Amino acid sequence: MFKRNDNETSREDPVVQPPSPAPSSAAARAPSTGGAAVIGPSIRISGDLEGDEDLVVQGQIEGTVTLRKNLLTVGKDGRVNATVHARAVQVDGHVEGDLHGEEQVVVRKSGNVRGNIVSPRVTLEDGCRFKGSIDMETVTASEGRGKVADIKGSGPDAMKGSLGKSAG
Amino acid sequence: MAAVFPAGAGSTSPTAERALRSPAFRTVSERLLGDRRLSVLDLGPPMTATLGFFGQAPCRLCLEDLAADLLDWRPPQEGDAVAEAEVALARAFVHSARERFDLVLAWDLPCYLHPIMLGALTAHIRASIGPASLVHVVGPTGERIPARPARITVGRDQVLHYAPEDDRVMPGPRLSPGVLERLMPGLRLQHSFLLGEGLQEFLLALR
């Protein structure tokens, strides 16, 4: 599911927890993950993560995260210190690093991001913390120039379209 | 921070929310929002509406949210206060020193920063813009201003929304063209617009 670099420095084994019918107490505290893989609150991973399913981070990641066809959600208590490439990214927690969203990046009110965002659709909910740059590029020729930041899509349904296409 | 007081009631209260059409933003739109890619430095917090406004054109928007880092800065008792201010500023900024911007949004912040910090910030702005760039300042002009910076956004209709987040007030710098040019040396006032209801906006450029 995830590749791990040989040069990882974490003292703990990285464990990606799939949702289970009888969740641990930590998983029970976590919000619904909709079938995505979960990195639990007590897990710290150092290295490069790559995968083909949606991922929810409640713990800590340092390195790079690549989910080209999938959604990365950084939960409220999640901390990601990494360069991220994903189809869509939703941040409720803390991120330090650049976020590349093939389709969309959403920083929720509780989110705190220090880094740059490159995506055709960017939503920063009022009240979030963000320091960095946002590149709002042309999406496709047929859509014309300057796909706008997603004002309407800042509510809870904003990611549904992206989630609907998830492979995970 | 200066002494703060309850705002009191009334429609002219400095802590009242306001939505006012911005002549300066019409100028900004006409001069800057074109086919070429626009580079904007916003010194304030991330705001959805502002992001949407600049998302209408190919744009790189750099958000610094400086208030959180610099609002409480005061000069040290000893040592070089300007150098200390520059260090704090360098720590707060995330964009590259080499980056150049077409437009700088300095909304409300000049009313709240210590003059030494504002001087250091102005020097940084001067180094980050070119001869055709504009610096847009919005701020209250009254004797009393909200105790913390307001949340200011610009809508797609070029209307500025001014929403104070603190019910208390404190003495303000009474922004005027002369005061602003003194507080932000090296920048020249191009336009000044009284928006009404105690708000004013300014467009500045390199001197």
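Being a predicted model, the structure only gives us computed values, none of them experimental.
The nearest pair of heavy atoms linking A:Leu124 to B:Pro46 is CD1-CB, 3.6 Å. Residue B:Leu66 comes nearest to A:Lys131 through the heavy atom pair CD2-NZ, 4.0 Å, listed as atom of the first residue, atom of the second, then distance.
With rounding to the nearest 0.5 angstrom, the NZ atom of A:Lys109 is 11.0 Å from the OG1 atom of B:Thr48. Remark: B:Cys62 SG to A:Ile134 CD1 distance equals 9.0 Å, nearest 0.5 Å. Atoms CG and OG, on B:Leu41 and A:Ser133 in that order, are 11.0 Å from each other to the nearest 0.5 Å. Taking CD from B:Glu64 and CZ from A:Phe130, the interatomic distance works out to 9.5 Å, rounded to the nearest 0.5 Å.
Annotation for B:Gln158: atom CD counts as buried by contact number, over 12 foreign heavy atoms lying within 6.0 Å. Environment of CZ in B:Arg151: crowded, with over 12 heavy atoms of neighbouring residues, nucleotides or ligands closer than 6.0 Å.
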Candidate pair A:Val122 and B:Leu61, rule side chain to side chain contact (heavy atoms under 4.5 Å, CB included), full reasoning:
CA-CA 11 Å; A:Val122 179; B:Leu61 183 61; over 6 Å; no
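Pairs engaging residues 89-106 of chain B under the salt bridge (charged side-chain N to carboxylate O under 4.0 Å, His left out) rule: B:Arg36-B:Asp102, B:Arg60-B:Glu99 [sequence neighbours left out]. Among pairs with a residue in residues 65-92 of chain A, those fulfilling ring-ring contact (aromatic ring centres under 6.0 Å, His included) read A:His85-A:His100, at least two apart in sequence or across chains.
Using a 4.5 Å cut-off between non-hydrogen atoms, no part of residues 125-139 of chain B approaches chain A.
B:Ala90 meets the side chain to side chain contact (heavy atoms under 4.5 Å, CB included) test with no other residue; sequence neighbours excluded.
A salt bridge between B:Asp65 and A:Arg129 is present, with a side-chain N of the basic residue lying under 4.0 Å from a carboxylate O of the acidic one.
Contact of B:Pro45 with chain A is not made at all, since no heavy-atom distance falls under 4.5 Å.
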